[in-house]
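Below is one structure; the comments refer to it alone.
Keep in mind that the numbers below use all heavy atoms, side chains included, and drop hydrogens, waters and symmetry copies.
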Amino acid sequence: MSPIQEPSPANPAASALALEFCGERHQLDPGAEFTIGREGDLVIDENPYLHRRFLAIGYEFGMWWIANVGSLLSATVTDGTGQVQAWLAPGARLPIVFETMHVMFSAGSTTYDFTLHSDGDHFNTSAITLNSAGSTTMMPVTLTTSQRMLVVALAEHVLRQGVPGRGEIPSSADAAARLGWSMTTFNRKLDNVCEKLDKIGVHGLRGGRGRLATNRRARLVEYAVASRLVGPDDLELLDASETAPPASPALG
């Protein structure tokens, strides 16, 4: 990021910005860059898959900005409602324009998230969510009950967090066992969900030349949780699945 600018008529005094992670709150200083990663001002984890310096937050041009200063990992950034979502790739940066902004990213099999709180709300959003028996709809994507169960099984640890922090993404075998499904059924349903989201423009669910990405489970969890496609209330589906018969291979 560029050097931090001093307050002036063209660069007014910064609004207050705080970062919440694992129950701890960090008040950011507009006069200094705040770095996040395996090292830095906020040490996320000792996870070797995580960059030493992954994200940087600073104040310039009259606004707070978040930048991806890593070389491989990307982050999912959403507003407080989950209706506005951005894919923060290496080298990219975004202005922090919402009162509440959620940031999620994965390194290896672990997904991390933290929340930014600002008293300078530049834009407002509102959520439009429709719930009906047997499906969850958050325009423009609709999941069948079995597809939603799959996503919840992958996101279970993240959804059970009381505060922003970290959650493990289970292997496909563990998630299939949690649901009582065969691996064939689980993989086919995972393919269906990833293809459905890929068609509406969700990044990171497919590799090159039509091959599904190896980290698609983590990316699927990032998108589903950040966009409110699934939430803590959906965890009851897993309890129901423990007593329900295995899903039929013929179902989508």
Side-chain angles (χ1 to χ4, degrees), residues 1 4-7 11-47 49-70 73-86 88 92-107 110-125 127 155-169 218 221-228 231-233 235:
M1 298 180 72
I4 304 300
Q5 298 181 342
E6 295 297 326
N11 189 53
S15 56
L17 184 67
L19 185 153
E20 181 185 0
F21 176 71
C22 285
E24 296 184 353
R25 197 177 181 93
H26 305 263
Q27 198 68 41
L28 275 61
D29 178 2
E33 186 178 71
F34 187 89
T35 57
I36 300 163
R38 204 166 76 239
E39 299 175 359
D41 299 297
L42 175 61
V43 177
I44 293 288
D45 200 351
E46 295 181 354
N47 186 340
Y49 294 100
L50 183 63
H51 295 303
R52 287 184 172 84
R53 293 178 73 254
F54 174 44
L55 300 172
I57 300 173
Y59 185 81
E60 59 181 333
F61 305 119
M63 303 183 72
W64 286 98
W65 297 76
I66 181 169
N68 185 337
V69 295
L73 303 180
S74 295
T76 299
V77 180
T78 67
D79 70 318
T81 69
Q83 292 292 97
V84 178
Q85 185 172 131
L88 194 64
R93 69 173 187 165
L94 290 169
I96 299 172
V97 296
F98 298 107
E99 184 176 4
T100 301
M101 181 176 280
H102 301 295
V103 181
M104 296 190 70
F105 54 92
S106 299
T110 306
T111 292
Y112 305 91
D113 66 292
F114 61 82
T115 303
L116 295 169
H117 302 278
S118 171
D119 63 5
D121 189 10
H122 297 270
F123 294 94
N124 292 306
T125 55
E156 180 178 8
H157 294 168
V158 176
L159 293 174
R160 291 194 188 280
Q161 294 180 129
V163 295
R166 59 177 67 87
E168 293 297 319
I169 307 300
V221 170
E222 281 183 37
Y223 175 81
V225 175
S227 67
R228 309 298 194 273
D233 291 346
L235 290 167

Other residues, nucleotides, ligands: >12 heavy atoms within 6.0 Å of Glu46 CD: no
- request: Could you label the plane-to-plane angle of the Trp65 and Phe61 rings as parallel, tilted or perpendicular, counting under 30° as parallel and over 60° as perpendicular?
  value: perpendicular
Practice item. Side-chain contact test, heavy atoms from C-beta onward, threshold under 4.5 Å: evaluate it for Leu88 versus Val103 and give yes or no. Key: no
Only residue of Leu42, Asp41, Val69 satisfying side-chain contact (heavy atoms from CB on, under 4.5 Å) with Ile36 is Leu42
(request) For side chain to side chain contact (heavy atoms under 4.5 Å, CB included), just list the numbers for His117 and Thr100, CA-CA rounded to whole Å, side-chain angles, deciding distance to a tenth of an Å, and then say yes or no. (result) CA-CA 5 Å; His117 302 278; Thr100 301; 4.2 Å; yes
Nearest heavy-atom contact between Ser74 and Asn68 is CA-ND2, 3.8 Å
Practice problem: Go through the steps to decide whether Trp64 and Leu28 satisfy the test side chain to side chain contact (heavy atoms under 4.5 Å, CB included), and finish with yes or no. | Solution: CA-CA 10 Å; Trp64 286 98; Leu28 275 61; 3.8 Å; yes
Ala18 and Gln27 have their tightest heavy-atom pair at CB-OE1, 3.7 Å
Rounded to the nearest 0.5 Å, the OH atom of Tyr112 sits from the CG atom of Asp45 at a distance of 3.5 Å
Scanning both residues in full, the closest heavy-atom pair of Leu73 with Tyr49 reads CD1-O, 3.6 Å
If only side-chain N and O atoms count, and only distance matters, is there a donor-acceptor pair under 3.5 Å linking Glu168 with Thr110? yes
Which of Thr81, Thr115, Asp113 passes side chain to side chain donor-acceptor pair (under 3.5 Å) with His102? It is Thr115
d(Glu99 CD, Asp79 CG) to nearest 0.5 Å is 11.0 Å
| Is there side-chain contact between Thr111 and Val225, with at least one heavy-atom pair below 4.5 Å? | no
In terms of side-chain heavy atoms, does Glu222 have a donor or acceptor partner in Ser106 at a distance below 3.5 Å? yes
Taken to the nearest 0.5 Å, the spacing of Ile66 CD1 from Ile57 CD1 works out to 4.5 Å
Rounded to the nearest 0.5 Å, the CZ atom of Arg25 sits from the CD atom of Glu20 at a distance of 6.0 Å
What one should report as the nearest heavy-atom pair of Asn47 and Ala107 is ND2-O, 2.9 Å
Note: Val97 and Met63 closest approach over all heavy atoms is CG1-CE, 3.4 Å
Check your understanding: What do the steps show when you test Phe21 against Ile44 for side chain to side chain contact (heavy atoms under 4.5 Å, CB included), and what is the final call?
Key -> CA-CA 9 Å; Phe21 176 71; Ile44 293 288; 3.9 Å; yes
Check: Hey, what's the ring geometry for Phe114 with Phe105, parallel, tilted or perpendicular (30° and 60° as the breaks)?
Finding: perpendicular
Between the CD atom in Glu39 and the CG atom in Leu50, the distance rounded to the nearest 0.5 Å is 10.0 Å
On a heavy-atom basis, the closest approach of Asp119 and Ala16 is OD1-N, 3.0 Å
Is Met101 close to Leu94 at the side-chain level, that is, under 4.5 Å between some pair of heavy atoms? no
Rounded to the nearest 0.5 angstrom, the CZ-CD distance for Arg166 and Gln161 is 9.0 Å
